[in-house]
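To start, the structure itself, in structure tokens.
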Amino acid sequence: MAEKPVLTLYNTLTRSKEPFAPIDPDNVRMYVCGPTVYDFAHIGNARPVIVFDVLFRLLRHVYGEDHVTYARNITDVDDKINARALRDFGKEIEDGRLSLNEAIRRVTEKTANQFHADIAALGAMQPTHEPRATEFVQPRGDGKVDMITLIERLIERGHAYQAGGEVLFDTQSMADYGQLSKRNLDEQQAGARVAVDAHKRNPGDFVLWKLSSPEEPGWESPWGRGRPGWHIECSAMSAAYLGETFDIHGGGLDLIFPHHENEIAQSRCAHGTPVMSNVWMHNGFLQVEGRKMSKSEGNFFTISELLHEEKFGGRKWPGEVLRLAMLMTHYREPIDFSVKRLEEAERLLAKWPAGGNPAEGRVDESVRAPLLDDLNTVAAVQALHALAQCANADPLMLPVFAASAELLGVLPKKAEVSKALEDSIETLIQLRLEMLKAKNFAEADKIRDDLAEKGIQLKDGKDPGTGERVTTWEVRR
RNA sequence: GGCCUCGUGGCGGAGUGGUUACGCAGAGGACUGCAAAUCCUUGCACCCGAGUUCGAUUCUCGGCGAGGCCUCCA
């Protein structure tokens with residue numbers, strides 16, 4: 001077995017770059033927090049999807065395709081979802097034509113389908129597992145970890161208590177709570193913006209389970225009919241698919257606190273383990289045209305809007321362009337999403353050769369090395385651009401380019417052209433060549449312009465042997 | 001108020017205690033009947049101030065600016 005290349009990753013837990021050493025190289029395990037499916041995913045949501053998709057591809061490249069397990073959840077239980085269901089189906093529910101649960105199912109299904117369509121357009125691979133929170137609330141037939149069992153265990157071990165119709169995690173019961181976000185709960189009180197609820201033992205305690213009113217969705221539990229708190233689902237699903245301790249946990253910067261901090265607390269206290277995930281990775285935030293993205297600023301864009309509507313810069317943007325634009329900034333840096341940036345990504349992509357077969361080439365070291373260094377996609381894209389220029393000059397390099405591009409998920413696809421169109425283009429090219437021989441430039445240029453109108457770009461070259469004009473064409477992407 | 005990031009040419013962005021990548025755009029040129037593509041050449045920067053140092057864009061401190069979390073927002 002060849003020596004594995006060394007992968008270095010920045011670990012939020014230690015705030016430093018560390019060499020990555022999987023617990024089991026035959027099964028490298030990664031968990032990423034997925035979407036809460038109550039509304040269309042916005043372009044900011046796309047960032048972790050793309051970043052961790054590249055990491056998934058890289059891990060598969062290093063450890064082998066069958067030796068990486070990637071779980072990304074879908075959160076389909078959340079009070080925002082309930083609110084959305086009432087908003088969209090309130091009338092039907094009132095009339096008794098639809099149950100709340102059915103309305104919720106419709107909201108989550110529609111949103112999840114949309115999410116899948118959106119990220120597929122961004123070139124994201126399907127994770128190995130994509131569990132839904134609702135399937136992990138109650139004990140399961142297959143023995144996989146579920147939320148209620150986890151909560152029971154936390155109570156048994158003295159890390160959780162019932163109060164005021166809730167089950168709460170007792171942050172004081174965990175000696176080293178706050179490791180990830182480097183937060184000291186006592187000092188936290190100074191700012192005193194944490195709401196002090198009378199039933200909480202400590203202001204930082206958070207909800208594991210809360211009771212539902214008859215109108216609210218709920219599941220039967222030892223504490224009555226209710227629904228889970230925000231953080232417990234990831235503790236359950238990560239353990240269900242990756243085990244009590246695994247390699248990498250990822251998500252957006254904003255999740256460090258409280259979400260990930262609380263996940264760690266729940267998981268470690270429930271399992272009695274010193275570590276939940278060895279490495280914690282967080283992607284930076286996204287701004288749009290230099291401003292924080294928000295609906296009130298009018299610079300809020302969903303992935304779908306960028307792909308299919310002419311809202312951003314007055315035009316649609318292909319998924320590959322959005323993806324490449326995202327990878328042109330290091331994942332930990334803030335990224336400013338702008339029209340200019342998308343245009344640059346599109347120009348690059350247009351210069352890259354399509355049609356190479358990744359299976360026939362090897363990933364070039366110039367692309368792989370920067371990726372191994374904490375996912376430096378910026379340097380990798382630059383190296384890939386250089387490879388593209390090599391491949392344009394020398395077709396033998398095409399598979400190398402293709403394999404390298406595929407590692408980043410930015411391999412240009414060969415545009416589909418029907419045989420009939422192809423034939424008619426060839427005929428027009430011949431016609432134009434004849435006109436050029438006759439020095440009938442006006443007619444010849446008209447043919448070129450007409451084809452350009454249809455997105456067909458003609459390129460004139462010279463046959464190196466005869467010096468004859470040779471015309472090739474390609475579909476402008 | 002507390003805790004974190006970050007600040008490099010028009011733009012995107014590496015990187016380094018000393019000789020300052022690279023890409024895109026721009027300018028000039030080659031090629032072309034003209035284009036496109038391609039190739040060659042080229043201008044332009046390290047937020048401010050103090051300190052450490054023979055020397056700082058790179059280290060330290062202080063400003064200023066941008067952003068995030070502390071409010072179930074990736």
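Just so it is clear: chains get the letters A, B, ... in the order the sequence lines come, proteins before strands, and each one is counted from 1.
- No contact: A:I256 has no heavy atom under 4.0 Å from any strand.
- Taking only side-chain nitrogens and oxygens, A:R341 comes nearer than 4.0 Å to OP1 or OP2 of B:G13.
- Residue A:K437 is classed as having no contact, given no heavy-atom separation below 4.0 Å to the nucleic acid.
- Look at A:H385 and you'll find a side-chain N or O under 4.0 angstrom from OP1 or OP2 of B:C24.
- Counting any heavy atom pair closer than 4.0 Å across all strands shown, A:R332 reaches no nucleic acid atom.
- A sub-4.0 Å separation between OP1 or OP2 of B:A25 and a side-chain N or O of A:R347 is present.
- Phosphate proximity of B:G13 to A:T329: present, with a side-chain N or O under 4.0 Å from OP1 or OP2.
- Pairing for B:C64 is with B:G7, a Watson-Crick or G-U wobble pair whose two hydrogen-bonding atom distances lie under 3.5 Å.
- Across all strands shown, B:C70 is found opposite B:G1 as a Watson-Crick or G-U wobble partner, with both distances under 3.5 Å.
- Using a cutoff of 4.0 Å between basic side-chain nitrogens and carboxylate oxygens, A:K17 and A:D374 are not scored as salt-bridged.
- No close placement of the A:Y70 and A:H129 rings is indicated, their centers lying 6.0 Å or farther apart.
- Phosphate proximity of B:A37 to A:K351: absent, as no side-chain N or O sits under 4.0 Å from OP1 or OP2.
- Both tests hold for A:R201 against A:Y161: distance to the six-membered ring centre under 6.0 Å, angle to the ring axis within 45°.
- Using a 4.0 Å heavy-atom cutoff across all strands shown, A:N392 reaches no nucleic acid atom at all.
- Salt-bridge annotation for A:E346 and A:R315: present, with a side-chain N of the basic residue lying under 4.0 Å from a carboxylate O of the acidic one.
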